[in-house]
Amino acid sequence: MTEINKTLLKGMNRRLFLGAAGGALALTLMPSIAAAQSVQEIKDRKVLKAGVQVAQVPWGYTDDSGKLTGFDVEFVRLIAKELGVDVEFVPVTPANRIATLLTGQVDMLAAVMGIFPDRQKVVLFSRPYCNNDNVFIGRADLKASGWDDLNGARVGVPRGTPQDKAVTTANPAGATIQRFDDDASTVQALISGQVDIIGAAFTQLGNIEKVAGPGKFEQKFVLSRVFNGVAVRPQSREFADHLNGVIGKLIESGELSALYKQWIGKDMVAELPTTGEGNAPLPVEIPN
């Protein structure tokens with residue numbers, strides 16, 4: 001494995017999105033759906049079981065000292081502190097995280113869980129606790145502020161992602177679209193010069209700079225703004241309401257914004273949606 005792959009694979013998992021059909025199938029295949037989770041249950045147990053991604057820099061990963069850390073991980077620690085309990089982190093992936101929640105292996109997910117309509121059908125989301133933008137990142141010398149500027153550009157996207165769907169729909173004139181199996185191979189294609197610009201989560205720019213060095217690549221334009229929420233089991237209304245209160249306090253105190261700045265390296269949006277249900281927290285498309 002190349003040094004590029006070793007660095008990138010640590011922080012880049014392929015993003016898999018749960019569609020309505022996939023959600024129905026997942027529910028069918030599960031042996032049983034766990035019962036609602038209550039705040040008192042967690043306090044009595046004295047442990048909060050949280051599903052997090054553990055190889056997704058800067059959201060959740062193991063640092064050089066061997067400690068599990070990252071924005072989502074430290075956010076969960078704040079929730080556990082408010083509950084007065086210890087926290088048990090359970091590693092999850094985009095492919096298994098919802099099943100892990102619904103079968104009762106964890107109480108909640110703080111696992112880079114963007115709020116999408118199909119996911120709302122199978123889990124209950126807290127109010128958003130951060131934004132996570134989908135962007136296009138390209139060579140620093142490439143002038144590209146939207147689709148119209150991609151004439152002649154080689155565009156790389158991870159297959160099946162929002163970026164793939166968006167560029168396919170836009171079909172920019174004169175652009176060559178190349179699809180890759182995951183984030184790591186897409187980013188490696190950019191660094192190696194195989195493509196000129198790629199679709200990615202905005203946090204990937206920091207990972208790219210760690211490999212390629214600063215100043216060689218930059219964010220060109222934002223495709224959409226996604227809001228991440230805590231996912232709990234659909235019957236766990238009381239727990240979701242409690243989480244909403246905790247998140248509200250963390251936002252009001254400025255503690256959540258500071259944590260986001262520390263780990264994501266950018267300012268969080270000034271106003272997050274105040275609910276994880278309905279249309280308010282759904283991705284916001286940015287015209288290009």
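For this chain, numbers begin at 1 and follow the sequence in order.
- Looking only at side-chain heavy atoms (C-beta outward), V76 and D72 stay at 4.5 Å or farther from each other.
- Distance alone, capped at 3.5 Å, is enough to place a donor-acceptor pair between the Q235 side chain and the A34 backbone.
- Comment: E41 does not engage K43 in a salt bridge, judged by the lack of any side-chain N to carboxylate O separation of less than 4.0 angstrom.
- When all heavy atoms of N131 and R225 are compared, the closest pair comes out as ND2-NE, 3.7 Å.
- A donor-acceptor pair under 3.5 Å is formed between the side chain of K220 and the backbone N or O of L142.
- In this structure, CG in D118 is found 9.5 Å from CD1 in I98, a value given to the nearest 0.5 Å.
- Here the closest non-hydrogen pair linking G199 and V157 is N-CG1, 4.1 Å.
- W263 and Y61 have perpendicular rings, their planes meeting at more than 60° on a 0 to 90° scale where under 30° would count as parallel.
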Original post:
Could you walk me through whether Y129 and N244 pass the side chain to side chain donor-acceptor pair (under 3.5 Å) check?
Top reply: CA-CA 9 Å; Y129 62 90; N244 287 339; over 6 Å; no
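- The side-chain heavy atoms of T62 and V54, taken from C-beta on, include no pair separated by under 4.5 Å.
- Across R119 and R97, no two heavy atoms sit closer than the pair NH2-NH2, 3.0 Å.
- Aromatic ring pairs are classed by plane angle as parallel below 30°, tilted from 30° to 60° and perpendicular above 60°; the pair F71 and W59 is perpendicular.
- Between I197 and R154, every side-chain heavy-atom pair lies at or beyond the 4.5 Å cut-off.
- Residues F202 and I264 meet the side-chain proximity criterion, which asks for heavy atoms closer than 4.5 Å.
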**OP:** Mind running side-chain contact (heavy atoms from CB on, under 4.5 Å) on M108 and L48 for me, showing each step along the way?
**Re:** CA-CA 8 Å; M108 54 168 276; L48 172 67; 3.9 Å; yes
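- S38 and Q40 are not linked by any side-chain donor-acceptor pair at a separation below 3.5 angstrom, with hydrogens and angles left out of the test.
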**OP:** With side-chain contact (heavy atoms from CB on, under 4.5 Å) as the test, would you mind laying out the steps for N96 and T93 before giving the verdict?
**Re:** CA-CA 5 Å; N96 73 9; T93 68; 3.3 Å; yes
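- In this structure, S253 contributes its side chain and L250 its backbone to a donor-acceptor pair below 3.5 Å.
- Judged by distance alone, the side chains of N207 and T203 never bring a donor and an acceptor atom under 3.5 Å apart.
- Using a 4.5 Å heavy-atom cutoff, the side chains of L243 and V232 are in contact.
- Taking 4.5 Å as the limit, every side-chain heavy atom of F180 sits out of range of all side-chain heavy atoms of V187.
- Separation of atoms CG (N228) and CZ (F125) is listed at 8.5 Å; rounding is to 0.5 Å.
- For the pair T161/K165, no side-chain contact is recorded, criterion being any heavy-atom separation below 4.5 Å from C-beta on.
- Applying side chain to side chain donor-acceptor pair (under 3.5 Å) to D107 and the options K49, Q37, R233 leaves one that passes, Q37.
- For the residue pair V106 and G51, the shortest heavy atom distance occurs at CG1-N, 3.7 Å.
- For W147 and F136, the ring centers are positioned less than 6.0 Å apart.
- Interatomic distance, Q163 CD to N134 CG, rounded to the nearest 0.5 Å: 4.0 Å.
- Side-chain N/O atoms of T69 and E74 include a donor and acceptor closer than 3.5 Å.
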Original post:
Where do I198 and V155 land on the side-chain contact (heavy atoms from CB on, under 4.5 Å) test, with the steps shown first?
Top reply: CA-CA 6 Å; I198 63 169; V155 184; over 6 Å; no
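- Side chains of L124 and R237 form a contact here, defined as non-hydrogen atoms less than 4.5 Å apart.
- A donor-acceptor pair under 3.5 Å links the side-chain atoms of S126 to the main chain of V230, judged by distance alone.
- Side chains of R179 and S185: no donor on one and acceptor on the other come within 3.5 Å.
- Between the CG atom in D133 and the CD atom in Q219 there is a gap of 7.0 Å [rounded to 0.5 Å].
- Taking every heavy atom of both residues into account, D149 and K143 meet most closely at CB-O, 3.5 Å.
- Exactly one residue among D164, D181, D183 makes a salt bridge (charged side-chain N to carboxylate O under 4.0 Å, His left out) with R159. That residue is D181.
- The hydrophobic cluster containing V47 does not contain V73, counting ILVMFWY residues as joined when their side-chain heavy atoms lie under 4.5 angstrom apart, directly or transitively.
- Residue I177 comes nearest to V167 through the heavy atom pair CD1-O, 3.9 Å, listed as atom of the first residue, atom of the second, then distance.
- How far CG of D141 is from CG of D196: 8.5 Å, rounded to the nearest 0.5 Å.
- For the atom pair F227 CZ and N132 CG, the distance stands at 10.5 Å (nearest 0.5 Å).
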